[in-house]
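For reference, the structure discussed in these notes is given below.
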There are 2 protein chains.
Amino acid sequence: MDSGKSFEESLLQFVEELKDESEMTEKQRSIMQASIKLFATKGFHASSTAEIAKEAGVAEGTIFRHYKSKKDILLAVVAPVLVKIATPFILRDVREIFNRQKELSFGEILQELYQNRLSLVAANEKHVRILLQEAFFHDEIRETLLSTVFQEIKRLAAQLIKDRTEAGELRPLPSDAVFRAILSSLIGLVLFKHVTDPDEFAKRTDEEQVAATVDILLYGIANRP
Amino acid sequence: MDSGKSFEESLLQFVEELKDESEMTEKQRSIMQASIKLFATKGFHASSTAEIAKEAGVAEGTIFRHYKSKKDILLAVVAPVLVKIATPFILRDVREIFNRQKELSFGEILQELYQNRLSLVAANEKHVRILLQEAFFHDEIRETLLSTVFQEIKRLAAQLIKDRTEAGELRPLPSDAVFRAILSSLIGLVLFKHVTDPDEFAKRTDEEQVAATVDILLYGIANRP
DNA sequence: TTTAATAGTGAGTACTCACTCATTTTTAGG
DNA sequence: CCTAAAAATGAGTGAGTACTCACTATTAAA
């Protein structure tokens with residue numbers, strides 16, 4: 001696991017490769033590059049058009065020749081970055097883990113998946129924060145995020161759940177409820193580790209916390225008679 | 001359930017009762033009242049000091065005689081509101097449900113709790129949004145929220161989990177992991193209903209979704225041999 | 001070479017904001 | 001009733017913001 005480039009590296013490479021494509025002018029490209037850089041490090045609201053212009057080595061007016069508003073830059077920038085960088089980056093390891101299906105039990109898949117996701121969030125806390133922030137404030141970005149990343153994860157998970165249910169490894173349950181339970185457990189792990197209860201969480205290792213979570217998800221909290 | 005006053009009403013009453021207490025001046029009180037009203041309806045960032053002054057029937061300068069900055073008002077306002085209004089309001093029904101322990105199985109408690117929380121969020125979507133927003137941006141508010149509401153919920157849940165585990169109704173598991181699982185499932189329900197997947201969620205009633213969630217939480221997703 | 005379109009400029013516009021301070025009003029003590 | 005301290009005022013300040021526009025430079029076709 002942990003194969004491939006970091007998000008930071010992927011982003012920079014993407015910014016570089018903006019050269020090749022399309023009939024963008026020199027200036028237009030540097031505006032995009034500057035915007036990506038600034039939005040990714042400080043967030044949309046904290047980046048002023050004056051700052052973007054300075055970073056891009058361009059007059060402020062030039063920005064508005066190519067984009068009709070500041071928000072226009074955001075939308076022009078976020079969609080391709082999300083589709084070409086963020087989504088593959090987020091899903092890369094998930095696919096890899098799911099593809100090792102044959103060798104792994106469902107519990108092992110969950111264990112690997114959760115640990116991998118915790119590492120991913122820990123290594124990209126700043127970007128996660130900023131992405132959530134933008135998703136919170138801008139409907140369009142939230143929609144884009146949901147219709148790309150979320151839908152694809154849902155699709156992948158649905159397939160896996162179906163296979164494992166048919167194989168008799170999982171109980172016959174509503175697929176969407178199972179998916180929600182799996183994702184909820186992950187969100188809970190991330191939230192408790194990073195936001196609500198970091199001290200309590202750290203009393204045991206990530207592996208132990210993940211193991212307890214997977215155990216509960218698989219077998220429930222109730223005692224059987 | 002759904003007993004007692006709404007959050008809106010509780011807030012207004014609290015604002016009124018500011019009269020009685022402490023050595024606040026007339027003006028100071030109306031600044032607080034106006035701030036509570038505006039912050040609660042529009043959020044901190046969207047409420048200007050000019051607006052607060054106007055609403056309070058006070059000159060803008062008077063605000064800065066009593067509070068050294070705008071953020072100072074926020075901190076002075078949020079702490080008492082959180083402690084005296086929000087926390088009791090949020091916990092009221094939870095206590096009530098937990099106190100009916102003797103009559104209810106753990107599954108029934110979860111079912112009632114989740115349905116009650118879904119109603120609460122649905123009825124107070126705007127305030128939930130604003131509170132989350134402020135918690136996202138202001139560390140102090142996040143800390144206050146965690147050290148009041150969250151800690152108390154955790155305490156209540158820990159007691160219930162302990163009782164039910166000793167009674168043999170729950171498996172002997174790490175208490176914090178069980179709590180996290182319970183809360184994660186709730187967060188998942190709220191998130192899927194309101195943010196990520198409202199259409200898919202609405203294909204079944206809230207009751208059905210809650211029932212599926214409780215089933216999974218109690219008995220897990222794995223098939224037993 | 002002229003012309004016409006496009007790209008780029010940066011000072012300027014019109015605005016909002018939190019915060020200040022010289023002035024006025026209110027209050028209280030002698 | 002006078003006066004001095006305290007409280008309150010609101011126009012003013014300066015730093016910010018996104019965005020405009022009259023103008024210049026560059027390019028490409030006629």
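Only this structure's heavy atoms are used, side chains among them; waters, hydrogens and symmetry mates stay out. Naming: A, B, ... by sequence-line order, numbering from 1 per chain.
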Task: Under-4.0 Å side-chain N/O to phosphate OP1/OP2 contact, A/Lys27 with C/dA7 - done: no
Open item on the list: Looking only at the aromatic ring of each residue, does the gap between the centers of A/Phe137 and A/His45 stay below 6.0 angstrom?
Closed with: no
Task: Residues B/Asp176, A/Lys203: salt bridge by 4.0 Å N-O rule - done: no
TODO: Using a cut-off of strictly less than 4.0 Å, decide whether B/Lys68 has a side-chain nitrogen or oxygen near OP1 or OP2 of C/dA18.
DONE: no
TODO: Check DNA chain D against residues 52-66 of chain A and give the residues with a non-hydrogen atom under 4.0 Å, in numerical order.
DONE: A/Glu60, A/Gly61, A/Phe64
Task: Whole-Å distance separating the CD atom of A/Glu26 from the C1' atom of C/dT6 - done: 16 Å
- [ ] Nearest whole angstrom, please: distance from the P of C/dC19 to the CD1 of B/Ile31.
- [x] 14 Å
TODO: Please confirm whether B/Phe201 and B/Phe192 have ring centers closer than 6.0 angstrom.
DONE: no
TODO: Report yes or no: do A/Lys27 and A/His66 form a side-chain donor-acceptor pair below 3.5 Å?
DONE: no
Open item on the list: Salt bridge or not between B/Arg129 and B/Glu125? Use side-chain N to carboxylate O under 4.0 Å.
Closed with: no
Task: Cationic N near anionic O, under 4.0 Å, B/Glu51 to B/Lys54 - done: no
Task: Span of DNA chain D in contact with chain A (heavy atoms, under 4.0 Å) - done: D/dT17 to D/dT20
- [ ] Provide the closest heavy-atom pair for A/Ser185 versus A/Thr213 in the form atom of the first, atom of the second, distance.
- [x] CB-CG2, 3.7 Å
Open item on the list: Considering every strand and a 4.0 Å limit on heavy-atom distances, what is the contact class for B/Thr49: base, sugar-phosphate, or nothing?
Closed with: base
Open item on the list: With no hydrogens and no angle check, just 3.5 Å: does a side-chain donor-acceptor pair link B/Gln13 and B/Glu9?
Closed with: no
